[in-house]
Amino acid sequence: MLCRLLAPLRPRHERLAARLTLLHAPWTWPREDLHAAAAARARELTGSEGPRAPRPGEALLLSCRDGFGGVFPLALPGPGPGAQALTLDAAGTWSAAWHAVGRSARLLWRSPRPRQAGLHAHPLRPLPDAPPLIDPRIPEDGAWTTPPKVLQGDSFGLSFALAQASALWDWPLPLDVAASAEVNASGGLAKVDERGLELKVRAVLRLAPQVRRLLVAEAQAAVARGVVAAALAEQRRKLGVDLELDVVACHDLAAAFDAVRPDLTRDWEATGDDDATRRERIERLVRLALARRDELLDWHPVREAARVAGKTWSRATPDERWTLGFVEAVAARHEGEAVELELPDRAVLHAVPQPRRLELVAHLVQQATDTGAPDPGALVELARPMLLRGAEAFPKHLELQGALGRLLANLARPKDAFEEQLEAARGWVARPGLVGVSYPLAEAYRLAGVLGSPERFEQVAALDREARAEGALGESDLPWVDPPRARALLLLDRLDDLAGFLAERPWDVREPEGRLGPAELVAALCLGRLHHAFALRGADLAKAEAVRSCLAGWARTAELRAQQAAPRGDETLAARRQAHRRALATALALVELDLALARAPGDEDPAAPAGRLAVLHPKLVRFLRARWAPPDPGAWPGVLARVFPYG
């Protein structure tokens, strides 16, 4: 780049190419303190006083190929011709990066998903009309070689994640930053090929003089510092100037974010002082809270954004504060923790357009289902008149109806709850192509078992078969529908049917992932409990104990991972493991409860595992006990094992 700027640029296309490169890839701008003549030539070519700041979503990619290193300017979503194709490993790296961004951000007020979809639709494009900077094999006469047509490798991971976070926060990355590290979906960073790192460092020093910080994985920091020191010494001998390039070691993606955006929380707090910005951010938070639970792998950053805003935005109105509390409560529920919430003023609800009003009330109903607050009776009265039934119902009405059915079940009205769930499931089946039948269908199966009604079970099974035939129920839905169906078979004493069902869907004990998310893990937990319970019905206590030991091992592994995931006292990351740990502990407590109920009187008091469930889900168990408690207090553990809605 330097030789091109200093050399006489006779061909017009070369002058244009240099001008566009400087305008669209500001990292390539010569440094005034090192190359004054080149910087003056850059100002003459562009008409600018200096390099522009990167735009949100722009980042620098470092690459190497065939023994040479280079740099690529990246912009999201990258419109324009000349796309560089992504190989499968690079595309997988992009996907892992957006997962990692959603888990590693300290604060989050909108979903990264649209950026993932946009890049998959239009893979990877250089900045508009800019000559690619992939190859530093630039002869002294300034001619450019042809770049490769395909980007490959995992080392783009950290750069991808920084670009995505920049676009997500609508905040530009610092001009002096480049990165090279692999990233996994949990936000962990790994080192890259050592020889490739050396080539990339040399390319940065030659082609991107504005870069002064190189972010790398902590495990590669010592090697990177040695590589940079050698490259700087070589440049000093060749050019006679002292260049700068500091290595920044990052333990994980969260640490990388802190390196480039240490003031994110402070800026978020200041958002509350600007009325227009505050309203816009609250609107984004509400949109995210009303999205599907699987919109994010980790809801802690959303919860934290709402919590910090509610605590620090002094100019927020009472309605805005209630809205922030609503977002925090929804995010907490998605993490497995129940947070109580008050009902808003009716005027606030009626000021909201009907589609969003249905979503808000559905979330409030689910909140009351898990905590007993807001007032369940008031919510039933509020929700039922909002429903449209049968052919008149829209999808949001069906979602509200499913939530209402679950609330009625916890209110000890299982017959009413069953009818609501069955009607909602029929509504989804009647609307091919829409996703949503698994939720009410699973609940209808569970309630058929709670009611001990073979007739109701057959009604649900017939609808299940129809849903599969119509394509309304896919393979990804089965982990949510199969466990409650098998549990109902157990409660109905249809042990032969249950044995065949479990044989068709074997569960295996695999080491759990570092998060609760894969449906396979949830299914394995639930079906593991069913295998255990089935063994109890067959009086095979040895097999039941073996299943209990497997699940206990899972719980211990989850606890160990939770500790390993939060080094150096990082309480934020530790909190993100709570949902995983709680799910495993809940499954284990339910297994222990089943086992205690099956043993002879005096062997083990069922009240102990029932008490562990109450510790894990205090508000939910208190709510269930207030509605379902039998006259004989000693019978409560058996009732809890039958009506507990999760696991």
Side-chain angles (χ1 to χ4, degrees), residues 285-296 299 302-303 306 322-344 349 352 355-384 386-387 393 395-414 416-418 420-421 423-425 427-428 435-444 446-447 480 484 516 522 579 582-583 586 616-624 626-627 643-647:
L285 279 170
V286 172
R287 289 181 189 176
L288 192 51
L290 295 179
R292 291 171 56 92
R293 180 175 182 168
D294 59 3
E295 181 70 17
L296 296 174
W299 284 83
V302 179
R303 181 181 181 183
W322 180 89
T323 302
L324 291 168
F326 168 80
V327 172
E328 183 179 358
V330 170
R333 191 179 77 247
H334 289 335
E335 290 193 301
E337 182 177 344
V339 176
E340 294 185 5
L341 188 65
E342 297 295 326
L343 271 176
L349 280 178
V352 175
R356 177 167 291 184
R357 192 185 319 148
L358 289 168
E359 293 178 295
L360 280 170
V361 173
H363 278 284
L364 289 172
V365 168
Q366 188 60 49
Q367 202 73 27
T369 300
D370 290 340
T371 66
D375 178 33
L379 273 173
V380 172
E381 293 179 6
L382 176 67
R384 273 197 158 151
M386 298 175 66
L387 293 176
K396 295 302 178 186
H397 296 104
L398 299 177
E399 291 174 4
L400 175 57
Q401 189 172 20
L404 180 61
R406 183 164 288 225
L407 177 58
L408 291 171
N410 285 3
L411 286 169
R413 296 168 59 180
D416 293 339
F418 177 84
E420 295 289 1
Q421 298 292 8
E423 182 179 328
W428 286 110
V435 177
V437 70
S438 60
Y439 180 98
L441 195 66
E443 270 295 284
R446 184 180 75 87
L447 291 167
W480 311 108
L516 176 68
V522 178
R582 188 180 291 109
T586 298
L616 290 165
H617 305 274
K619 296 182 176 67
L620 174 59
V621 172
R622 186 167 61 246
F623 181 29
L624 290 172
R627 298 291 178 164
V643 305
F644 190 80
Y646 306 119

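- Taking a cutoff of 4.0 Å between a charged side-chain nitrogen and a carboxylate oxygen, K396 and E399 qualify as a salt bridge.
- For W428, there are no ring pair (Phe, Tyr, Trp, His ring centres under 6.0 Å) partners, not counting sequence neighbours.
- Closest heavy-atom contact between A329 and Q367: CB-NE2, 3.5 Å.
- Not counting sequence neighbours, the partners of H363 by the side chain to side chain donor-acceptor pair (under 3.5 Å) test are R333.
- Residues A306 and V327 come closest through the heavy atom pair CB-CG1, 3.9 Å.
- Pairing each heavy atom of Q421 with each of L447, the nearest pair is CG-CD1, 4.1 Å.
- Remark: E420 pairs with R384, R389, Q401 by the side chain to side chain donor-acceptor pair (under 3.5 Å) rule, at least two apart or across chains.
- Taking R622 as the reference, nothing meets the salt bridge (Lys or Arg N to Asp or Glu O under 4.0 Å) condition, with sequence neighbours excluded.
- Between L398 and P440, the closest side-chain pair of non-hydrogen atoms is not below 4.5 Å.
- Annotation: side chain to side chain contact (heavy atoms under 4.5 Å, CB included) contacts of T369 (sequence neighbours excluded): V365, Q366, R406, L407, N410.
- Residues A289 and H334 come closest through the heavy atom pair O-NE2, 4.5 Å.
- Between L343 and L364, the closest heavy-atom pair is CD2-CD1, 4.1 Å.
- Residues that satisfy the side chain to side chain contact (heavy atoms under 4.5 Å, CB included) test with T371, not counting sequence neighbours, are A338, E340, A373, K619.
- Put simply, the side chain of L624 does not reach to within 4.5 Å of the side chain of H617, judged on heavy atoms.
- Between A403 and A362, the closest heavy-atom pair is CB-O, 3.8 Å.
- By the 4.5 Å heavy-atom criterion applied to side chains, F326 and L285 are not counted as neighbours.
- Contact of the D370 side chain with the Y646 side chain is registered, since non-hydrogen atoms from C-beta on lie closer than 4.5 Å.
- Qualifying salt bridge (Lys or Arg N to Asp or Glu O under 4.0 Å) partners for D375, counting only residues two or more places apart in sequence or in other chains: none.
- Remark: R627 pairs with L411, A412, F623 by the side chain to side chain contact (heavy atoms under 4.5 Å, CB included) rule, at least two apart or across chains.
- Here V643 pairs with V450, W628, V639 under the side chain to side chain contact (heavy atoms under 4.5 Å, CB included) rule; sequence neighbours left out.
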